[in-house]
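Proteins come first, then strands; the chains are lettered A, B, ... in the order of their sequence lines, and each starts at number 1.
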Amino acid sequence: MASAPAIIPVSAPQKPSLPWLPTPLLLSQYPTLRHLRYCSSMKQLRQIHGHAITSGAMLDNFVASRILSFSALSPCGSLSYARLLFSHLRKPDTFTFNTLLRAYVSSADPLAGLLFYMEALESSALHRPDNHSFALLLKACSEAPSLSLGVMVHAQAIKFGWGSLVSVQNFLVHMYGSCGEIGMARLAFDGIVECDDASMNMMLGGLMKCGCFEDARQLFDGMSERDVVTWSVMINGLVQSSRFKEGLEIFRRMLEEKVEPNESVLVNVLTACAHLGAMEQGMWVEKYLKRKSIKLTVRLGTALVDMYLKCGNVEKAYEIFTRMEEKNVLAWTAMIGGLAINGRGKDALQLFSQMEMEEVSPNEVTFIGVLNACSHSGLVADVLKYFNSMTEVYKVKPNVQHYCCLVDLYGRCGMLDKAEEVIRKMPMKPNSAVWGALLSSCRIHGNSLLGEVVGRKLIELEPNNSGRYVLLSNLYAANGRWDDVAELRRVMKENGVMKMPGSSFIDLKGHVHEFIAGDNVHPQSKEIYTMLSEMTKKLRLAGYKANTDQALLGMDEEEKETAVSYHSEKLAIAFGLINTEPGTTIRITKNLRVCGDCHTATKMLSKIYGREFVVRDRGRFHHFKDGSCSCNDFW
DNA sequence: CTAGGGTTAG
């Protein structure tokens, strides 16, 4: 292949070859277009464009559309330049129009494509939109998503005679499905005379997006041909609906049927692993990438880093992170935020300054991680420095979550008045997360007076969130106010709120085991309970006394003790101790916050069994080792 | 000239 000319030889212009243009086959050898292949900046594109104008090549729609296409779609192009270019075309054809339309639809604001369509029609730049035009317009409405605009595009498609072409009908299904109108999607689907692969996949995607998982499953199972997109629609849909376990199951089936997963499936599988704390399976993906020599793209890399961080394996995450060739703001953000929740606040902040040195601009999410780092590591002296640089240097407008981090930080450090001040002065209405942060702080520091006010406010705000009741109830319990606990339970019952059952996951050799407090459905249940009583015995010898403050009311002491000793994470720990090699780290993921008793017990167990336990709870990580925890008993 | 379906951080 010839090497790329750095600059276009303007000094030796080609003789205008229009209107004796060669046939289409030779057209591709037209000098202007050959240069386009090596074009890598707008500066070069402008030169080519100028050249095309002077040589008269711009009069040819093919040449014009290629230049426009480059400007519109190339990463180093410019959409506005393409738009200008289009408006100067004498007689743009539909193909050229579609090129620009596609650029609009895949931009940050897909609906700009609709505006472009209307303008082009009105100015007669566009005479006959074709099937591709409508596919693109419908896609824009799906991504917004906007049902009302989608219906209008549907009408236009019928008006121009494309309403019953499969390629357009497919996107009608997609549009209605994405707008949550599964009935309309179904109607459009049933109107297709001859379905193709895409029809099925779009219908499947619509069902998934609308939450009709049973119907989706039925359609999926009934399909005779399942291509890679079919599998990805299914897996990605499940993962994005937080059905992580099901997503992994389908992934397993996909591999069994020897379909090669693509990047999006692998990213979604890693997301599922991250949520479940399924590190073994995540590691399998990493090995798979190596085995198939799949390039570690920035997306795959970020997904892997995030997965390892959410499984509490900071070392592996950092290893992948350093191996990544390209690091964009998302990659840095994942690493910084992940270090923060793993209790490595100082490392997170150090990485942040490294990011600044490499001149990657942090965004608002990055600063959530940075503030979290200050919060989880108690770096109260530094926080304002970062908060100010966020607004002053990086011009990131703080949102409610940033203020929430501040409240959380001051609250954790016992500066409750400072936390209250933040709430009073924040420029927006504090949401329930903000009040929740304050309530947690009240519980940690035993401020039941303020805690009660905040707790009641929260319950008013979110009467169906069981966690809010539990927190207030724990606050009462910690102060021995058992009557108020009982009253709260009554209100909870009255509002029909069910306490979310605590459950713990543990990933063993690529299989995720789930435990719920006191359950005995696991095949190894008998061994687990035997192990549990052995653990309790050893704990007692080490001076452990059950902390039943946070147990349910209406039990006597012995019942309470039994109840806490069967908490889901204790079952998971017992299971882990039985099934893993001595000395290895045991990783557990919990859906709720770790209770005080389990926290104390796990600390002691780490010493008794010489094991490291990594427990991920709702909000952060606990690395238990040698009888202490990385959170310094602050959570 | 020939364009389809699914995509990452809190």
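In this structure, the CG atom of A/Asn98 is 16 Å from the P atom of B/dC1, given to the nearest Å. Regarding A/Lys209, its NZ atom lies at a distance of 12 Å from the P atom of B/dG5, rounded to whole Å. One can place CE of A/Met175 at 16 Å from C1' of B/dG5, the figure rounded to the nearest angstrom. In this entry the distance linking CG of A/Asp93 with P of B/dA3 reads 15 Å, nearest Å. The distance between atom NE2 of A/His402 and atom C1' of B/dG10, rounded to the nearest whole Å, is 9 Å. Between A/Asn268 atom CG and B/dA9 atom C1' there is a gap of 14 Å when expressed in whole angstrom units. Going from atom CD of A/Glu143 over to atom C1' of B/dG5 covers 12 Å, rounded to whole Å. Following rounding to the nearest Å, A/Glu263 (CD) and B/dT8 (P) show an atom-to-atom distance of 11 Å.
Side-chain atoms of A/Phe171 lie closest to B/dG5 of the nucleotides B/dG10, B/dG5, B/dT8. Comparing B/dT8, B/dA3, B/dG10 against the side chain of A/Arg102 picks out B/dA3 as the nearest. Here the nucleotide nearest the side chain of A/Asp227, chosen from B/dA3, B/dG5, B/dA9, is B/dG5. Checking B/dG6, B/dA3, B/dA9 against every side-chain atom of A/Thr302, the shortest atom distance belongs to B/dA9. Checking B/dG6, B/dA3, B/dA9 against the side-chain heavy atoms of A/Thr333 singles out B/dA9 as nearest.
Under the 3.5 Å distance criterion, with hydrogens and angles disregarded, no donor-acceptor pair is assigned to the side chains of A/Asp130 and A/Thr94.
A/Asp130 comes within contact range of at least one nucleobase, with a heavy-atom separation under 4.0 Å. Residue A/Gln240 is classed as a sugar-phosphate contact, given heavy-atom separations below 4.0 Å to backbone atoms only. When heavy atoms are screened at a 4.0 angstrom cut-off, A/Val229 is found touching base atoms of the nucleic acid. Among the atoms of the strands shown, only primed sugar atoms or phosphate atoms (P, OP1, OP2) are found under 4.0 Å from some heavy atom of A/Lys310. Using a 4.0 Å heavy-atom criterion, one finds that A/Phe95 contacts the bases of the nucleic acid, with or without backbone contacts as well.
Heavy atoms from other residues, nucleotides or ligands lying under 6.0 Å from CD of A/Glu257 number more than 12.
The stretch residues 184-205 of chain A comes close to DNA chain B through A/Asp196, A/Asp197, A/Ala198, A/Asn201, A/Met202, each having a heavy atom under 4.0 Å from the strand.
The stretch residues 331-353 of chain A participates, sequence neighbours left out, in these ring-ring contact (aromatic ring centres under 6.0 Å, His included) pairs: A/Phe321-A/Trp332, A/Phe352-A/Phe367, A/Phe352-A/Tyr386.
Salt-bridge check for A/Glu358 with A/Lys327: failed, with every basic side-chain N at 4.0 Å or more from each acidic carboxylate O. Taking 4.0 Å as the cut-off between side-chain N and carboxylate O, A/Arg186 and A/Asp190 count as a salt-bridged pair. Between A/Glu249 and A/Arg253, none of the side-chain N atoms (NZ, or NE/NH1/NH2) sits under 4.0 Å from a carboxylate O, so this pair counts as no salt bridge. Checked for salt-bridge contact, A/Arg252 and A/Glu256 miss the test: no charged N lies under 4.0 Å from a carboxylate O.
For a distance-only test at 3.5 Å, the side chain of A/Asn262 qualifies as a donor-acceptor partner of the base of B/dG6. If you check distances only, the side chain of A/Asp306 never reaches the base of B/dA9 with a donor-acceptor pair under 3.5 Å.
Ring geometry for A/Tyr176 versus A/His154: interplanar angle over 60°, hence perpendicular rather than tilted (30 to 60°).
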